[in-house]
Amino acid sequence: MFTDELGQGGIPAGGPGDSAGHHGGAGESLVQLITPGGERVSHPQYDAWVQDVSDEQLGFLYEDLVVIRRIDTEATALQRQGELGLWPPLLGQEAAQIGSARSLRDDDFVFSSYRENGVAYCRGVDLADIVKVWRGNASAGWDPYTVNMATPQIIIGAQTLHATGYAMGIQNDGADSVAITYFGDGATSEGDVNEAMVFAASFQSPVVFFCSNNHWAISEPVRLQSHIRIADRAAGFGIPSIRVDGNDVLAVMAATREALERARHGGGPTFIEAVTYRMGPHTTADDPTRYRDANELEDWAAKDPIARVKGLLERKGLLTGQFEARVAAKADAVARELRAGCITMPDPEPLDIFKHVYSTPNSWLDRQEDHYSRYLASFGDPAGAHSEEGAR
Amino acid sequence: MIKEFRLPDLGEGLTESEILSWKVAVGDTVALNQVIAEVETAKAVVELPSPFAGVITALHEQPGTVVEVGKPIVSFEVEGDDGGPSAGGPAQAETAKREPNLVGYGAIVEASGRPTRRARTFAAPAAATAAAPTGPPVAERVAERVAEPAAAPVVEPADIRAPAETAAATPGGERPRSTPPVRKLAKDLGVELTAVAGTGAGGLITREDVQNFVGGGHPAAVAVAGAAPAAGIGSVTQGERETRMPIKGVRKLTAAAMVSSAFTAPHATEFLTVDVTPTMELLARLKASRAFEGFKLTPLTLVAKALLIALRRQPSLNSRWDEANQEIVQFNYVNLGIAAATPRGLTVPNIKDADRMSLTELSTALTGLTETARAGKTSPAELSGGTISITNIGVFGIDAGTPILNPGEAAILAMGAVRRMPWEYKDEVALRQVMTLSLSFDHRLVDGEQGSRFLADIGAILADPGMVLAMV
């Protein structure tokens, strides 16, 4: 049976079928539809939510998983090659991102942390725009309204407030779209997240709190973070929660669909704890071997989100050479596009710093811009003022 | 075409990294993102993926070299010119003036930096300053320096020393007065402002001053002059009468820890010489008993156990001085550090919760710890969080010493060699097995009384293991 020795604050393992007297929400069991070995197991409540997923769609989910892992690998390499200043790897968390992002409607709105680059891919963010901030070329990568996804929040948990606020706006508009916010296990200890959940519960706003419990808040283990399961924290706010195997793309999709449906029909917020694992470092500037046991990593490698879908496809006889070649070609193409877009990205102009600060003209900022442009002009040579030196 | 790969900033705000090993050799054909090297930064050991697909034409730095961010480390012969870092890529960003701004942990030790980097920065002004009084000939001097390496590739010792001497004099002086646009112009032209006489108000160096100074001169001064001192950095340089080795790795950490400990904790050291014959007899009996079959028992095992028992009666020896909070932290657990000589130098891994261990558990832990340390595989977790330490100098045949405290700990016990010596025994002189114990303690935390009682208790146990019955 799939167990999660570390994801529940030191409480003994619980898997499907385990109902060992845990009170509150759905925290008592871990929803799983595909085992680590690639076997489709049935679930009385959640099967219905994914029964429409065809074999072909399962193939596309697999492709997504492979592609975003490839994006992650390529971006990590680009950082090591000096093309990006920093990169927060998503390795191991692919299913949590794909399963949830592929459940969204176009008019739903995403408020993510910095690690949901796979979600950004699903929303259709231009590949180069995903890495723009990490290259230091801009303070934000894209126009949120073109893809209905806000640019990633670096401040831990702040995006949850934005999501709740946006969801309250949806209520005012009388629309049936939903705001979804992504954050980690560590963020659940932040004031912002708690405030966001209080407001969401009070106003029964259409917001989904999607917590990717990847077990490590930089170097702090989740068992230290919370003495109860993360999903059980939601009960304190009166928000229903689901605890789902975050490495199982179908289970994540089922849970997200249920939460979205509840929100769309006036049922208010839902808290999803996707139990997954950060296989890589916190960022490319981190060394997890300093604080993390190699055995733990090995245990989680056996629960890989991609391997289990591959196993399922194989059982279904869908894993043909042609299919695998198609997926590999797609991943290669995406990696090439990402690299090319990154390394050919033009440097920003010095005066770009004044763009996108206010949506309307601001006399104070205009004055600063005027001063700065005159300062740049004092270098005499206009080309020199706009050289890379001046830009940095 | 030939493409260079410059060492990028692999963390957030790192200024240098050490090349640990090359995974490729000159002439190798490499694919994009193929791992070409292993590099250690202040934060982590990371693999460098190749930024190009092509053939390696040169490896510019040897393994073991500490390389500044931005320096070329490897060159490739690449077909066409796509797929490489753009000309203005971050890897080629100006790094000379970057300040280390480490984010997260690992900053403290490295933040002190190496003086070598600064010396290199000052190399150019030094050359220029020396020539300044004569004015125009500077350009010629620079030209000479350009020519020199080609004619005589071996860098004369004098060349290395000269910039350093001048550099030492420079930091005290005021930065030449000028304006940012003129500084940029000077930098673009390769002119060091220290060499330019200012004609503006209050000696301000103007645009004209810089332009007059150059007068058609060559803009290569900075790059070329900077190259000379670099030769001595990172690698072991064999001189005739002395060998110079870079201070780095464990040696550097050990030095920092020792200096920090020696100059923050007032050390006091006490000695006690004990007849440990009964302990050695006990050791022999235990080794022979079935209960300890398969366990490696040594005098260290029993000394460690004696220390743990004595510590219960003198808990102040197991504490830490928290200067920041103005508090004394008394630990209710013991993480027992064992100083170990390893191939990489001194490390002090510790046994967590050693006070709760039975003798067999302690023996297993000690064996594991020393084996791991000697194999160089000690994890950082094993190295941090120690509360008291033992150093076994007896294995080197030494009797006593004044050990320096492991930083943050209140006491360290050095156990000397067990020697057969004439000793008073039952009112006669007999040949007995004798050991000297040396205990250093932090006198801020521990008074002479507690320190002495602690040492006396350890001695009493070793002189008569039965004394434990009276202590626990």
Side-chain angles (χ1 to χ4, degrees), chain A residues 70 73-88 131 134-137 218-219 280-294 332 335-336 339-348 374-381 383-392, chain B residues 5-14 32-37 39-52 69-70 73 82-95 97-98 102-106 179-185 187-188 207 377 379-381 383-384:
Chain A
R70 186 58 188 276
T73 313
E74 197 67 24
T76 302
L78 285 166
Q79 194 280 335
R80 297 290 183 234
Q81 290 157 359
E83 298 294 340
L84 298 179
L86 187 73
W87 176 254
V131 295
W134 306 108
R135 192 173 166 83
N137 272 47
I218 306 189
S219 57
H282 170 70
T283 67
T284 47
D286 174 43
D287 177 7
T289 62
R290 294 193 187 199
Y291 51 80
R292 184 160 85 175
D293 185 2
D332 286 347
R336 263 198 310 277
R339 171 170 289 269
C342 173
I343 64 181
T344 60
M345 200 178 288
D347 281 339
R374 279 193 276 145
Y375 168 73
L376 291 174
S378 73
F379 285 82
D381 165 25
H386 288 240
S387 71
E388 60 175 281
E389 184 80 26
R392 290 208 156 79
Chain B
F5 178 42
R6 294 160 186 265
L7 181 73
D9 171 5
L10 294 161
E12 292 172 87
L14 298 176
L32 180 69
N33 291 344
Q34 179 183 333
V35 173
I36 53 172
V39 172
E40 181 166 19
T41 71
K43 294 183 171 184
V45 174
V46 299
E47 290 179 329
L48 282 190
S50 172
F52 308 109
V69 166
I73 53 172
D82 54 345
S86 56
Q92 304 188 12
E94 177 59 46
T95 55
K97 293 206 166 108
R98 291 190 68 159
L102 299 176
V103 180
Y105 51 75
T179 59
V182 174
R183 286 187 204 283
K184 164 138 173 50
L185 173 71
K187 193 172 173 185
D188 289 349
R207 181 176 290 269
K377 288 179 179 165
S379 76
L383 290 174
S384 61

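In what follows, every chain begins at residue 1, and chains take the letters A, B, ... in the order their sequences are listed.
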Would you name the heavy atoms of [X] and [Y] that are closest together and state the gap between them?
X      : Y      : result
B:D9   : A:Q79  : O-NE2, 3.5 Å
B:V45  : A:D287 : N-OD2, 4.4 Å
B:P180 : A:Y375 : CB-OH, 3.3 Å
A:G82  : B:P8   : CA-CB, 3.1 Å

Supply the atom-to-atom distance [X] [atom1] to [Y] [atom2], rounded to the nearest 0.5 angstrom.
X      : Y      : atom1 : atom2 : result
A:S378 : B:R207 : OG    : CZ    : 8.0 Å
A:F379 : B:R183 : CZ    : CZ    : 11.0 Å
A:R290 : B:L383 : CZ    : CG    : 11.0 Å

Pick from B:V182, B:V35, B:V46, B:V39 with the largest number of heavy-atom pairs that fall under 4.5 Å of chain A
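Most pairs with chain A among the choices: B:V46.
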Quick check on A:A340 against chain B: is it the side chain, the backbone, both or neither that has a heavy atom closer than 4.5 Å?
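Neither part, no heavy atoms under 4.5 Å.
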Criterion side-chain contact (heavy atoms from CB on, under 4.5 Å) on A:R80 and B:N33, from CA distance to verdict:
CA-CA 10 Å; A:R80 297 290 183 234; B:N33 291 344; over 6 Å; no
Student check: side-chain heavy atoms of A:T76 and B:E47 closer than 4.5 Å
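Side chain of A:T76 against side chain of B:E47, heavy atoms only: no contact under 4.5 Å found.
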Measure B:S50 against the heavy atoms of chain A and call it side chain, backbone, both or neither at under 4.5 Å.
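When you check distances to chain A, only backbone atoms of B:S50 fall under 4.5 Å.
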